[in-house]
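Hydrogens, waters and symmetry mates play no part in the numbers below; they use all other heavy atoms, side chains included.
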Amino acid sequence: MNRGAWRFAVLLISIFAAATPALQESARSRDDKAGGGPAWSELMAGMEKMDAAMGSVAPSGDSDADFVRLMLPHHQAAIDMARTQLMYGKDPQMRRLAQEIITDQQSEIELMQLWLKQHGTKSRNANHPTPADGAGKEH
């Protein structure tokens, strides 16, 4: 690659890197304007957080421990989404379901954290400390 082409490639990469945050914000703003609103944005943020947390779990070779480590952020995302539903939702049946999800998922998170502790495995996800660290309590 000649020097001019190299500089052009670097320039394109720099422009793309600088524009990426603005493009993401523009997409969020567009979602809000298209009728998604803040509830939609919060639901999507919860999904992105879950995806990142699940993606950070390294396989241990222990199917049971891996299952639990992946389920912890999955359950937390369900709680976060249910809280969003309680803030923005109006349907009494869906609000009741959201409250049940929060209660059930918190209980299951505590059970999984206890299982990890009893089996000598610690959660590698900082968002889900062991029960001794106070996880599972309402914030």
Side-chain angles (χ1 to χ4, degrees):
M1 182 180 275
N2 70 33
R3 195 172 239 182
W6 177 252
R7 285 182 184 164
F8 183 70
V10 170
L11 177 64
L12 285 177
I13 292 169
S14 298
I15 291 170
F16 180 75
T20 298
L23 291 172
Q24 289 172 342
E25 182 57 35
S26 174
R28 280 190 203 103
S29 177
R30 186 177 58 246
D31 287 345
D32 285 350
K33 289 176 187 170
W40 180 256
S41 295
E42 286 183 36
L43 291 169
M44 294 312 295
M47 294 295 290
E48 291 169 8
K49 182 179 173 185
M50 178 190 73
D51 287 344
M54 290 178 80
S56 73
V57 174
S60 70
D62 178 341
S63 297
D64 297 321
D66 291 346
F67 168 75
V68 171
R69 286 189 186 112
L70 289 168
M71 289 304 293
L72 286 168
H74 182 269
H75 276 43
Q76 186 59 53
I79 291 170
D80 295 344
M81 292 175 76
R83 286 181 178 151
T84 299
Q85 170 60 19
L86 290 175
M87 282 195 317
Y88 298 101
K90 296 183 181 23
D91 184 271
Q93 203 171 13
M94 287 300 102
R95 291 178 55 79
R96 189 169 38 257
L97 176 63
Q99 187 58 58
E100 289 173 12
I101 287 170
I102 291 168
T103 301
D104 293 345
Q105 300 291 301
Q106 284 177 329
S107 175
E108 290 176 13
I109 285 172
E110 290 172 9
L111 176 70
M112 289 185 284
Q113 290 172 330
L114 180 60
W115 185 91
L116 285 173
K117 185 176 180 180
Q118 289 173 341
H119 288 82
T121 55
K122 294 194 179 196
S123 173
R124 293 181 184 167
N125 188 330
N127 294 329
H128 301 287
T130 61
D133 295 332
K137 295 180 181 167
E138 190 69 29
H139 298 284

Does Arg95 reach the main-chain N or O of Gly89 with its side chain, forming a donor-acceptor pair under 3.5 Å?
yes
Please check: side-chain N/O of Thr103 versus main-chain N/O of Glu100, any donor-acceptor pairing under 3.5 Å?
no
I need the [X] [atom1] to [Y] [atom2] distance, nearest 0.5 Å.
X      : Y      : atom1 : atom2 : value
Asp104 : Ile79  : CG    : CD1   : 9.5 Å
Gln106 : His75  : CD    : NE2   : 11.0 Å
Glu48  : Leu43  : CD    : CG    : 11.5 Å
Gln85  : Lys90  : CD    : NZ    : 9.5 Å
Arg83  : Ile102 : CZ    : CD1   : 5.5 Å
His119 : Lys117 : NE2   : NZ    : 14.0 Å

Residues that, via side-chain heavy atoms closer than 4.5 angstrom, fall in one hydrophobic cluster with Met94:
Leu97, Ile101
Closest approach of Ala65 to Ser60 (non-hydrogen atoms, all atoms of both residues)
CB-OG, 4.2 Å
Please report the closest heavy-atom contact between Ala98 and Ala82, naming both atoms and the distance.
O-CB, 3.4 Å
For the pair Met54 and Met50, evaluate side-chain contact (heavy atoms from CB on, under 4.5 Å) and give the outcome as yes or no after the intermediate values.
CA-CA 6 Å; Met54 290 178 80; Met50 178 190 73; 3.6 Å; yes
Cluster overlap Trp115 with Ile109, hydrophobic side-chain contacts below 4.5 Å
yes
Partner set under side chain to side chain contact (heavy atoms under 4.5 Å, CB included) for Leu111, not counting sequence neighbours
none
Should Leu114 and Gln118 be marked as a side-chain contact (heavy atoms from CB on, under 4.5 Å) after you check the CA-CA gap, both sets of side-chain angles, and the distance that decides it?
CA-CA 6 Å; Leu114 180 60; Gln118 289 173 341; 3.7 Å; yes
Just to verify, what does Asp66 make a salt bridge (Lys or Arg N to Asp or Glu O under 4.0 Å) with, not counting sequence neighbours?
Arg69
Take Asp62 and Phe67, measure what side-chain contact (heavy atoms from CB on, under 4.5 Å) needs, and give me the verdict at the end.
CA-CA 8 Å; Asp62 178 341; Phe67 168 75; over 6 Å; no
Derivation of the side-chain contact (heavy atoms from CB on, under 4.5 Å) call for Met87 and Glu42:
CA-CA 11 Å; Met87 282 195 317; Glu42 286 183 36; 3.0 Å; yes
Any side-chain heavy atom of Met47 sitting closer than 4.5 Å to one from Met81?
yes
